[in-house]
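To start, the structure under review is shown below, and the notes come after it.
Quick note: residue numbers are just sequence positions, from 1.
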Amino acid sequence: MIRYRRRTLALELAMIAAALVVGFPVYVLVNMALRPASDTSSPISPTTSPTLDNFSQAGQQGALGGALANSLLVTACSVVIVLAVSSLAAYPLARVTARWSRGTYLLFLLGLVLPFQLAALPLYQTMRDMGLLGTPWALVLFYSGLQVPFTVFLYVGFLRALPRDFEDAALIDGCTPLQWIRPQEMPGAVVPRAHRVTPVRAGWRPARRGWWACHRSSATWLSYSP
């Protein structure tokens, strides 16, 4: 039986205090979002007449509908490209034991080591020369290339841990490597790992907003970036 001691009380009070510190900004945010523009009272005081007009005005004046649609387009295209390219690249890197396989795998991992800022200016110039600056396809290429090294790293680790007996049995039955990898092996790698390789995970970090600002300055369309 666990006894209720002073240490337990102190821990509970500490957790309550931490919850209040975290929840206070959320309360102020929601309180101000539901407050009319004519109400100039303190942000801490509860709103007496809540309204949803602020959300409708933000959607109309900020064009949030089009921005969210553009973000959905960029995210969907980038995820499809990343998963397709990375899964096909990870299979030979995990199964082939030649020297070029190890060297190519290390070349992919180099994309995880090099800082993003090192390629910001050349990447901007490349997009400008290709005529993609200011279009959503520039972000699709950017996010796809940014996440391929990490995705290849995840998939290669998964494939190396998978016994080759499954693959050998499928090849004996007449399957080609591409026919076997599509229904058997890749779903186990893609489904639990897809949330880790989306552009949302990489693109909305503060370290990447420099590229976002350069691209956004020449864009005639909008996309959501918190």
So does L112 have more than 12 non-hydrogen atoms from other groups sitting under 6.0 Å from CG? yes

Check whether S56 reaches the backbone of D53 with its side chain - one donor and one acceptor, N or O, closer than 3.5 Å. yes

Do the side chains of L72 and L83 join up, straight or via other hydrophobic residues, at under 4.5 Å, putting them in one cluster? no

Nearest non-hydrogen partners of Y143 and S78, listed with the distance: CB-OG, 3.8 Å

For A84, is there any backbone N or O sitting under 3.5 Å from a side-chain donor or acceptor partner on S87? yes

Tell me whether V80 shares a hydrophobic cluster with V152, the cluster being built from Ile, Leu, Val, Met, Phe, Trp, Tyr side chains joined at under 4.5 Å. no

Do L20 and F24 have side chains that approach each other closer than 4.5 Å (heavy atoms only, starting at C-beta)? no

Can you tell me how far the CZ atom of F150 sits from the OH atom of Y155, to the nearest 0.5 Å? 10.5 Å

Shortest non-hydrogen contact from A89 to F108? CB-CZ, 4.2 Å

Take a 6.0 Å sphere around CZ of R102 and say whether it holds more than 12 heavy atoms from other residues, nucleotides or ligands. no

Ignoring hydrogens, what is the shortest heavy-atom contact between S45 and Y27? Give both atom names and the distance. C-OH, 3.8 Å

Which heavy atom of G111 sits nearest to which heavy atom of P149, and what is that distance? CA-CG, 4.1 Å

Atom pair CG/OG of L139 and S71 - distance to nearest 0.5 Å: 9.0 Å

Please confirm whether the backbone N or O of T47 pairs with a side-chain atom of N31, one donor and one acceptor, at under 3.5 Å? yes

Identify the two heavy atoms, one from V26 and one from V22, that lie closest to each other, and give their separation to 0.1 Å. CG2-O, 3.8 Å

From R35 CZ over to T51 OG1, what is the distance, rounded to the nearest 0.5 angstrom? 12.5 Å

Quick one: pull up CG in L133 and OG1 in T126 and give me the separation to the nearest 0.5 Å. 11.0 Å

Step through the shown structure and confirm whether more than 12 heavy atoms of other residues, nucleotides or ligands are within 6.0 Å of CE on M32. yes

Who else is in V96's hydrophobic cluster (ILVMFWY, side-chain heavy atoms under 4.5 Å, direct or via others)? W100

Which of V148, L141, V140 passes side chain to side chain contact (heavy atoms under 4.5 Å, CB included) with I81? Answer is V140

Nearest 0.5 Å, please: how far is CG in D39 from CG in L34? 11.5 Å

Around atom OH of Y105, are there more than 12 heavy atoms of other residues, nucleotides or ligands at under 6.0 Å? yes

Specify the closest pair of heavy atoms between R160 and L93, including all atoms of both residues, with the distance to one decimal. NH2-O, 3.6 Å

Any link between V30 and F55 through a network of hydrophobic side chains (Ile, Leu, Val, Met, Phe, Trp, Tyr) touching at under 4.5 Å? yes

To the nearest 0.5 Å, atom CG of L132 lies from atom CE of M127 at 6.5 Å

